[in-house]
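Numbers restart at 1 for each chain; the letters A, B, ... are given by sequence-line order, proteins then strands.
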Protein chains: 2
Amino acid sequence: MSTKILDRCETMGLRVTGQRRIVAEVLEAADDHPDVETIHARAAARDPGISVATVYRTVKLFEESGLLERREFGDGRARYEDAKRDHHDHLIDMQTGAVIEFVDPEIEALQERIARRLGYDLKGHRLELFGTKRN
Amino acid sequence: MSTKILDRCETMGLRVTGQRRIVAEVLEAADDHPDVETIHARAAARDPGISVATVYRTVKLFEESGLLERREFGDGRARYEDAKRDHHDHLIDMQTGAVIEFVDPEIEALQERIARRLGYDLKGHRLELFGTKRN
DNA sequence: ATATGTGCAAATGGTTTGCGTCAGC
DNA sequence: GCTGACGCAAACCATTTGCACATAT
């Protein structure tokens, strides 16, 4: 399967509209973690007529279809990124809002180990690990 | 310093009102992670006249004073817990909303190590670690 | 041709705030 | 008594939704 969001969109049998094409391409090109307002701004640069409501509907659809992943970093708005990127986690500076991406195999093991330690059944569920550290 | 929220509230020089006393006691007694609506419900059981606005103002004040810690688990509402409890982190089941508390010294080291690896200055900042795992 | 997507504006849900009144110190 | 807290209702902000019209297939 192609790595492009738009192609996966078609593969999923979703209708390909002008707006969806643009939202897909915006997120394809993004190397950050844009919120809906930002996605809309970037999309509007290509099609000034696109509405925020459509962006909201589109990212929600894409997320439910597994094309995008929704992130919530505690600032009240959702952020999105291409689901097909290599797996990674995030470290957020709550003072500055800076987002640090990283990959650490230990986290994966840790999550599974902790859940297992507590007798928790993992099948089909998504687990989010929230760790806090004050310095 | 006493371990009771109310005492720390006084120590901080905050005015002790009937409502603040109740909110402090509600969170003192809580062994879960109540959101504002829940805190208000529990508080209203003692003083039916207490308003949600006051609960919002109080938990915010307490958080800024370091008496409480605010948590956001991705469901759109903030949750609070006593800041003086032993340090721990959280694992959330995004399907059921189940909150699993755990302590794991590796997470601490991991957070510091990752930030350091990236040349990030930690001083005075609070870092949140967000890890995702699908099963 | 028909089912589905879009834009607009109104509605929602959590949280904040202005204002007049009340209470802690 | 003065400063700050409370209750109420309106305001806010991110997100969702109803409806009339437009468009992909």
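- Side-chain N/O atoms of A:Lys60 include none lying less than 4.0 angstrom from OP1 or OP2 on D:dT15.
- The 5' end of DNA chain C is approached more closely, in terms of each residue's nearest nucleotide, by A:Gly18 than by the other of A:Gly18 and B:Arg77.
- The existence of a salt bridge linking A:Glu28 and A:Lys4 is excluded, since no basic side-chain nitrogen approaches an acidic carboxylate oxygen closer than 4.0 Å.
- Side-chain nitrogen and oxygen atoms of B:Tyr56 include none within less than 4.0 Å of the OP1 or OP2 phosphate oxygen of C:dT16.
- Nearest to the side chain of B:Thr58, among D:dA9, C:dT4, D:dC6, sits D:dC6.
- Residues B:His88 and B:Phe102 place their aromatic rings such that the two centres sit no closer than 6.0 Å.
- Direction of the helix axis in the helix from C:dA1-D:dT25 to C:dC25-D:dG1 shifts by 30° between the two five-pair termini, rounded to 10°.
- Taking the ring centroids of A:His90 and A:Phe73, they lie under the 6.0 Å cut-off.
- With C:dA3, C:dA23, C:dG7 as the choices, the nucleotide that has an atom nearest any side-chain atom of A:Ser51 turns out to be C:dG7.
- Here A:Arg57 does not reach the OP1 or OP2 of D:dT16: none of its side-chain N or O atoms lies under 4.0 Å away.
- Residue B:Gln19 is in sugar-phosphate contact alone, with no base atom involved, counting any heavy-atom pair closer than 4.0 Å across all strands shown.
- Between B:Thr17 and D:dC6 there is a side-chain N or O to OP1 or OP2 distance below 4.0 Å.
- A:Val16 comes within 4.0 angstrom of the backbone, heavy atoms only, and of no base.
- The aromatic rings of B:Phe130 and A:Phe130 sit perpendicular, their planes meeting at an angle over 60°, well past the 30° parallel limit.
- In terms of position along DNA chain C, the nucleotide closest to A:Thr54 lies nearer the 5' end than the nucleotide closest to the other residue of the pair A:Thr54 and B:Val52.
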